[in-house]
Amino acid sequence: MGGSRVGFDEEWAQLRAEAAGRAASAPAVVPVAGSDPVTDARDTALERLADFRGRLVLVPFDERGGLWTAALGGLDWICAFTGEETLARFAEARGEAGREWPYRIVVGARLLDEVVPALDFPCGVALDAAGPDGMVFPPVRGIVPDAAALDGKAAA
């Protein structure tokens with residue numbers, strides 16, 4: 001990144017654009033006869049959510065000792081990483097590879113079911129934000145408890 005500091009929004013947009021470029025140049029996948037793209041996409045999303053819920057992730061601490069969050073798209077996101085390598089890639093992308101990044105290991109389900117609802121602001125989880133396989137789990141029904149979901153009972 002040439003030593004210039006960019007914000008989380010810019011980093012995420014750049015990384016997603018790079019991933020989209022790689023996906024566009026990948027060989028086309030021939031759809032299976034009778035498959036529905038919407039159903040396939042929903043199934044894939046549910047599989048990724050289930051994988052995240054059962055996964056141990058690293059969540060770095062901020063300078064105040066809380067879970068590290070970043071603003072993106074008008075929401076705050078807890079940044080979680082699948083391993084020290086992905087956390088290191090994120091630190092490098094931020095130009096902060098030289099500093100210590102203390103973290104806590106948390107089960108993904110605990111982040112979604114306990115941590116997000118305990119916050120006094122809407123918050124999702126960004127997984128592996130500096131990687132090509134990054135994902136976001138927004139605070140919506142089906143991902144977080146309804147009371148913490150932007151489209152849940154508390155939002156009505």
Side-chain angles (χ1 to χ4, degrees), residues 1-21 23 38-39 41-156:
M1 298 212 158
S4 65
R5 298 195 50 141
V6 295
F8 181 81
D9 292 339
E10 293 87 2
E11 291 171 22
W12 187 260
Q14 179 184 6
L15 292 166
R16 299 312 299 160
E18 290 170 4
V38 173
T39 301
R42 183 179 300 117
D43 291 347
T44 298
L46 290 173
E47 286 172 15
R48 289 181 177 172
L49 176 61
D51 178 64
F52 175 72
R53 292 182 70 75
R55 179 183 288 267
L56 292 174
V57 294
L58 313 180
V59 182
F61 292 115
D62 64 16
E63 61 279 351
R64 297 177 314 269
L67 298 181
W68 204 87
T69 62
L72 174 66
L75 285 175
D76 286 291
W77 299 86
I78 296 169
C79 293
F81 301 91
T82 53
E84 289 182 348
E85 304 81 25
T86 54
L87 176 55
R89 186 172 33 232
F90 180 74
E92 180 69 30
R94 294 185 51 78
E96 299 182 49
R99 81 167 178 87
E100 185 177 338
W101 285 79
Y103 59 82
R104 180 174 187 166
I105 298 175
V106 182
V107 176
R110 184 162 187 223
L111 282 176
L112 298 174
D113 297 341
E114 297 175 27
V115 175
V116 169
L119 299 172
D120 59 357
F121 54 91
C123 190
V125 177
L127 180 65
D128 293 340
D133 298 323
M135 294 178 267
V136 293
F137 299 99
V140 296
R141 287 181 301 160
I143 295 179
V144 299
D146 287 355
L150 292 177
D151 60 343
K153 295 177 185 173

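Just so it is clear, the structure is predicted and the values come from calculations on it, not from any experiment.
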- Quick one: which residue pairs count as a ring pair (Phe, Tyr, Trp, His ring centres under 6.0 Å) with a foot in residues 107-130, not counting sequence neighbours?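 Sorted pair list comes back empty.
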field: Note, F137 side chain near V116 side chain (heavy atom, < 4.5 Å)
entry: no
Side chain to side chain, L67 and F61, heavy atoms closer than 4.5 Å: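 Sidechains of F61 and L67: in contact.
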Working to the nearest 0.5 angstrom, can you tell me the gap between F90 CZ and F81 CZ?
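So the gap between those two atoms works out to 4.5 Å.
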Next item on the list: First locate atom CG of D133, then atom OG1 of T86, and finally report the distance between them rounded to the nearest 0.5 Å.
Entry: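 It is 10.5 Å, given to the nearest 0.5 Å.
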Q: Sequence neighbours left out, what passes salt bridge (Lys or Arg N to Asp or Glu O under 4.0 Å) with D43? Give chain and number order.
A: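 Listed in chain order: nothing, the list is empty.
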Residue set satisfying salt bridge (Lys or Arg N to Asp or Glu O under 4.0 Å) with E114, at least two apart, ordered chain then number -> R110
Using the side-chain hydrogen bond (donor to acceptor under 3.5 Å, both in side chains) criterion, which residues pair with [X]? Sequence neighbours excluded.
{"X": "T69", "result": "none"}
{"X": "R42", "result": "none"}
{"X": "T39", "result": "D36"}

Side chain to side chain contact (heavy atoms under 4.5 Å, CB included) with P122: of V140, L75, D76, only one passes, and it is L75
Apply side-chain contact (heavy atoms from CB on, under 4.5 Å) to L119 and I78, showing your working.
CA-CA 11 Å; L119 299 172; I78 296 169; 4.3 Å; yes
Can you give me the closest heavy-atom contact between [X] and [Y], atom names plus distance?
{"X": "A70", "Y": "C79", "value": "CB-SG, 4.2 Å"}
{"X": "P117", "Y": "L112", "value": "CD-O, 3.4 Å"}
{"X": "A97", "Y": "E92", "value": "CB-OE1, 3.2 Å"}
{"X": "A80", "Y": "V57", "value": "CB-CG2, 3.9 Å"}

State which residues pass side chain to side chain contact (heavy atoms under 4.5 Å, CB included) with D51; sequence neighbours excluded, sorted by chain then number.
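Counting only residues at least two positions away or on another chain, D51 forms a side chain to side chain contact (heavy atoms under 4.5 Å, CB included) with R55.
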Return a table of donor-acceptor pairs under 3.5 angstrom between the side chains of residues 101-109 and protein atoms on other chains or two or more places apart.
from, atom 1, to, atom 2, distance (Å)
W101, NE1, E96, O, 3.0
Y103, OH, E84, OE2, 2.5

### Intermediate values then yes/no, salt bridge (charged side-chain N to carboxylate O under 4.0 Å, His left out), D113 and R53
CA-CA 9 Å; D113 297 341; R53 292 182 70 75; 2.4 Å; yes
